[in-house]
Amino acid sequence: MSRYNFRECEQKWQRIWTERETFVAREQLNRPKYYVLEMFPYPSGRIHMGHVRNYTIGDVVARYKRACGFNVLHPMGWDAFGLPAENAALENNLHPAKWTKDNIDNMRDELQSMGISYDWDRELSTCDHTYYRHQQKLFLDLLGEGLAYRREAVVNWDPIEQTVLANEQVIDGKGWRSGVPVERRTLSQWFLRITAFADELLEELEKLERWPDRVRLMQENWIGRSEGLLMQFEIIGRDDTLELYTTRHDTIFGASFCAIAPEHPLAQELATSRLSLQEFISECRRLGTSEVAIETADKIGFDTGLKARHPFRSDVELPIYVANFVLMEYGTGAIFGCPAHDQRDLDFANKYNLQVLPVVASSESTNHGVISDEAYVGDGILINSDFLNGLNVVEAKRAVAERMTRRSIGEKTVKYRLRDWGISRQRYWGCPIPVINCDECGIVPVPDTELPVTLPDDVSFETSGNPLDRHSTWKHVECPSCGSKAERETDTCDTFVDSSWYFARFASPSADTPLDRDAADYWLPVDQYIGGIEHAILHLLYSRFFTRALKTCGYLGVDEPFEGLLTQGMVCHETYRDKDQNWLYPEQVQRGENGKVTHIETGEPVTVGRSESMSKSRRNVVDPASIIATYGADAARWFMLSDSPPERDLEWTDSGVEGVWRFINRLWRLSTEPPNGSGKSVRPDAALNLRRTSHRILSSVTDDLEGFHFNRAVARVHELANLLGDTPRTECDQEVKQAWQEALDILIQLIGPMMPHLGEELWAHQGHKGLLADEPWPTANPDLLQNELVTIIVQVNGKVRGRLQIAPDQDDKNVVRSALDLENVKRAIGSRSVNKTIVVPNRVVNVVV
RNA sequence: GCGGGCGUGGUGGAACUGGUAGACACGCCAGAUUUAGGAUCUGGUGACGAAAGUCGUGGGGGUUCGAAUCCCUCCGCCCGCACCA
């Protein structure tokens with residue numbers, strides 16, 4: 001019994017595909033295009049199972065669409081800038097460029113061993129100046145369009161590292177490495193004006209029909225459109241007014257205080273002369289800028305002593321507090337607090353003994369809206385509210401808005417939670433922002449002819465802070481405008497910028513301009529994008545924004561970058577712990593005959609935990625490279641597609657991949673040593689049965705691949721393989737032999753996109769001359785899909801009592817007559833009389849007695 | 001707290017718009033073959049029952065001739081968002 005030599009075969013076919021440029025994509029205007037893209041990886045050095053799943057799914061789609069006649073673009077690249085390279089540089093004394101390049105080389109090898117149908121000619125890397133020079137050009141174009149700008153913004157500042165930290169690098173208000181409290185510092189930062197497209201980005205989510213609903217919902221919440229009222233309150237004893245924003249103007253008569261953000265200009269102004277307020281503001285700053293940090297803190301405030309006059313009750317004066325829970329970034333940075341109907345305001349009021357006046361009474365409530373610890377935020381009837389009494393919330397909002405608008409102290413306003421995108425990073429390993437800061441001329445763009453602004457190689461990471469900032473020569477330049485001494489911008493771009501347009505660059509990866517318009521027009525948008533749900537908001541929203549910005553600058557003609565989106569689930573594995581609760585790697589444990597799991601080295605029992613997503617910290621990881629070395633790429637790929645639907649989590653098991661390996665060898669034997677029929681009886685209709693089944697399965701696998709139901713496709717292929725194994729391929733019966741061969745060819749074509757190496761090998765073994773990869777997708781013969789007989793279920797009172805095998809599309813009366821004739825049905829009816837019968841054509845007869 | 005999703009054998013999961021629940025696979029059991037096997041082949045495998053049959057898709061209720069699927073309610077798990085005014 002022979003075995004499939006995957007090592008030899010996989011390498012052979014990968015070589016042939018490369019030699020024949022099978023997957024090299026070229027623009028062909030007369031052919032329909034299909035652009036499949038998987039989210040490009042960060043080059044960490046090794047691929048993990050998540051990549052294997054992601055790229056396998058993408059490859060199935062690419063190969064399938066290719067077979068269907070589409071001109072497929074399926075590229076791959078590297079999201080190669082970012083912090084890990086700098087950390088590695090520090091730890092291993094390696095230059096980030098060198099570290100990144102080595103990692104890319106290794107990961108490329110690993111990816112290539114998977115046999116994915118990438119057009120490697122289009123490979124790009126974001127850290128390569130041939131890529132980022134164009135990004136710099138795009139940045140300058142955005143600057144010209146007013147879509148990029150610089151302003152002061154609050155950041156997390158690590159005083160030891162002398163650097164800005166991302167929110168996720170702040171743990172419990174402390175720097176992740178330094179361990180010292182992070183400060184909120186105001187720095188000049190670059191922003192992209194994503195808010196200019198807030199409405200469009202929200203509205204057009206609706207059009208993304210091939211996106212998962214939950215991703216669209218997440219983006220909707222993230223953009224967070226709200227309709228409210230912008231209002232002016234008189235500040236007693238001052239000339240200026242306090243501008244605030246609310247969506248609950250109906251509760252205006254319940255207002256008992258006003259609160260402003262620590263960064264609010266009024267707070268800043270008052271702080272200059274009051275030390276205690278300064279201290280309070282810095283206390284708020286120590287919280288960090290992350291919303292989570294602000295959220296978990298107690299609500300505290302500082303009474304400024306100032307009062308604001310209530311707009312409808314001139315006798316009521318509201319104390320103005322500076323409060324830590326008011327965000328400068330949202331609305332106007334100032335609110336009025338109505339404790340009875342907002343939980344935060346209530347917590348705050350209870351702490352500072354402020355009045356809690358209920359103004360909205362729930363229609364069900366029996367206590368006239370009395371509030372203790374829980375604010376009432378629902379709808380109801382207005383009380384204690386002067387001219388609003390008796391109205392509901394919506395009516396009251398309208399009434400307040402009208403009156404305030406008439407008095408010119410209020411204006412209906414739409415606000416968004418979405419904020420402009422801060423892209424400044426005080427780091428080395430990123431795309432330099434191509435501007436020069438001149439004392440005379442201000443911000444001066446680097447002239448196009450001087451692009452790219454490349455990163456200097458001679459940098460050290462020994463000392464803290466941004467290496468670009470302390471570089472001896474790099475940042476000192478002449479102002480391109482006036483010629484006087486000036487400095488380069490030392491901030492680099494957030495890596496999300498790099499990934500916001502790479503999909504477009506793939507259309508013309510070596511163009512001299514950022515994008516070749518013709519190529520972009522041909523290939524874009526991406527027809528199917530595939531990646532993890534973790535990018536549901538930021539990456540996808542930034543890319544949607546960037547696409548619109550690029551359209552504004554005339555680079556492309558589409559609004560939406562990704563027409564279809566598939567978010568695949570994670571790869572999970574059981575977890576293991578020893579008796580001291582230390583995590584163990586799967587290869588450190590073994591399962592004995594009795595099902596007991598023990599530590600291989602110590603023999604001690606191991607606690608098996610539930611399956612969780614593979615992660616290094618839990619050690620429940622399986623290295624794709626070792627799986628590919630043991631069972632081959634096709635086995636890993638097939639496993640990734642079996643069992644779980646792509647959008648759900650998948651559990652990796654040893655027994656599962658062993659099962660795949662057995663299946664691969666079964667297919668191999670079907671092709672090389674077909675069952676000869678010794679000792680088996682051949683059904684008289686064996687040939688027809690084979691043909692019907694193989695065409696039915698061809699049809700359903702085609703549907704499954706169209707709908708990304710890979711697990712169902714796998715099941716159907718198993719079914720066909722089972723039937724082939726059960727049907728002797730007798731040499732004496734020409735009809736059976738032909739049907740068998742046809743079915744085997746269909747089977748091979750069906751596995752082609754999923755197990756491409758095995759597919760090619762079997763295809764060649766069957767004597768076909770060309771590559772399977774070049775073979776058009778087969779079509780099922782409709783005649784063979786029509787069944788000669790259908791099985792109709794016969795129910796009595798909804799319970800199955802028998803089945804009929806009859807020709808399809810029969811008259812209802814005939815069907816009922818045959819049904820009532822069945823022995824079992826007669827018995828079930830007994831002496832009762834038939835009340836009525838329901839017939840579902842070709843499916844069910846239900847006899848009601 | 002708000003929003004979304006999910007709950008089906010020992011396990012992963014099938015079941016299209018309500019119409020044969022458990023496809024397919026893993027595991028397990030029995031047998032064959034083999035020096036042996038983690039290889040291969042055959043048969044079995046939701047529960048209870050000798051069988052006819054009964055029960056069965058997280059619990060309870062409802063709509064329907066008929067419910068895993070629709071509605072209500074409760075329980076459990078997962079994900080996202082959140083001092084957003």
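What you are looking at is a predicted structure, and each value in this text was computed from that prediction instead of being measured. Heavy-atom basis, side chains included; hydrogens, waters and symmetry copies ignored. Within every chain, numbering begins at 1; the chains are lettered A, B, ... in the order of the sequence lines, protein sequences first and strands thereafter.
By the salt bridge (Lys or Arg N to Asp or Glu O under 4.0 Å) test, A:R216 is found to be paired with A:D213, residues two or more places apart in sequence or in another chain being considered. Residues meeting the salt bridge (Lys or Arg N to Asp or Glu O under 4.0 Å) test with A:R53, sequence neighbours left out: none. A search for side chain to side chain contact (heavy atoms under 4.5 Å, CB included) contacts involving A:T693 returns A:N689, A:R696, A:I697, A:L723, not counting sequence neighbours. Taking A:E209 as the reference, nothing meets the side-chain hydrogen bond (donor to acceptor under 3.5 Å, both in side chains) condition, with sequence neighbours excluded. Every residue meeting the ring-ring contact (aromatic ring centres under 6.0 Å, His included) condition with A:Y542, not counting sequence neighbours, appears here in chain and number order: A:W421, A:F496.
As rounded to the nearest Å, B:G59 and B:A67 have P atoms that lie 15 Å from one another. Only the P atoms considered, B:G56 is 11 Å distant from B:G61, to the nearest whole Å. Straight-line distance between the C1' atoms of B:G10 and B:C28: roughly 8 Å, to the nearest whole Å. B:C24 and B:G44: their P atoms are spaced 12 Å apart (whole Å). Comparing the P positions of B:G58 and B:C16 gives an interatomic distance of 16 Å, to the nearest angstrom. Taking atom C1' on both nucleotides, B:U11 is separated from B:C55 by 23 Å, rounded to a whole Å. A distance of about 27 Å separates the C1' atoms of B:U63 and B:A14, rounded to the whole Å. Between B:G37 and B:A32, the distance separating the two P atoms is 12 Å to the nearest Å.
In this structure, A:W638 places its CH2 atom 16 Å from C1' of B:G12, rounding to the nearest Å. One interatomic measurement links the two molecules: CD1 of A:I537 to P of B:C79, which rounds to 15 Å at whole-angstrom precision. One atom, CD of A:E647, and another, P of B:C78, lie 20 Å apart when rounded to the nearest Å. Taking atom CH2 on A:W661 and atom P on B:G38, their separation rounds to 18 Å, with Å as the unit. Atom OH in A:Y631 sits roughly 10 Å away from atom P in B:A39 (whole-Å rounding). In this structure, the CG atom of A:N797 is 13 Å from the C1' atom of B:U64, given to the nearest Å. For A:F663 and B:G27, the CZ to P distance is 15 Å, given to the nearest whole Å. In this structure, A:H709 atom NE2 and B:A14 atom P are separated by 10 Å, rounded to whole Å.
In the model, A:T575 has no side-chain atom that pairs as donor or acceptor with a side-chain atom of A:N620 under 3.5 Å. In summary, the side chains of A:Q219 and A:R544 do present a donor paired with an acceptor at a separation below 3.5 Å, with no hydrogens or angles considered. A side-chain donor-acceptor contact under 3.5 Å links A:Q805 and A:T791. One side chain, A:R618 or A:S613, offers a donor N or O that lies under 3.5 Å from an acceptor on the other. Checked by atom type, the side-chain pair A:T241/A:Q232 shows a donor-acceptor distance below 3.5 Å.
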Review item, nucleotides 3-11 of chain B N/O atoms under 3.5 Å of protein N/O:
none

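Residues in residues 644-654 of chain A take part in no side chain to side chain donor-acceptor pair (under 3.5 Å) pair, two or more places apart or across chains. Identified under the ring pair (Phe, Tyr, Trp, His ring centres under 6.0 Å) test for residues 241-261 of chain A, with sequence neighbours left out: A:F253-A:H310, A:F253-A:F312, A:F253-A:F387, A:F257-A:F348.
The aromatic rings of A:H535 and A:H539 sit perpendicular, their planes meeting at an angle over 60°, well past the 30° parallel limit.
Ionic pairing of A:D199 and A:R225 is present here: one or more N-O contacts between side-chain nitrogen and carboxylate oxygen are shorter than 4.0 angstrom.
Looking at heavy-atom distances under 4.0 Å, A:S642 makes no contact with the nucleic acid at all.
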Checklist outcome for this item: 5' to 3', nucleotides 47-57 of chain B under a 4.0 Å protein heavy-atom cut-off (B base, S sugar-phosphate only, - none) gives -----SSSS--

Next on the checklist: Generate the contact string for nucleotides 19-25 of chain B. Rules: B means base contact, S means sugar-phosphate contact only, - means no protein heavy atom under 4.0 Å.
Outcome noted: BBS-BSS

I'd like a table of donor-acceptor pairs (distance under 3.5 Å, sequence neighbours excluded) in which one partner is a side-chain atom from residues 655-665 of chain A, with atom names and distances.
| from | atom 1 | to | atom 2 | distance (Å) |
| --- | --- | --- | --- | --- |
| A:N665 | OD1 | A:Y4 | N | 3.0 |
| A:N665 | ND2 | A:W661 | O | 3.1 |

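B:G9: glycosidic angle within 90° of 0, hence syn.
The 5' end of RNA chain B is approached more closely, in terms of each residue's nearest nucleotide, by A:M218 than by the other of A:M218 and A:F336.
Where pairing requires Watson-Crick or G-U contacts shorter than 3.5 Å, the helical stems of RNA chain B with at least three consecutive pairs are B:1-7 with B:75-81, B:10-12 with B:24-26, B:27-32 with B:40-45, B:46-48 with B:53-55, B:58-62 with B:70-74.
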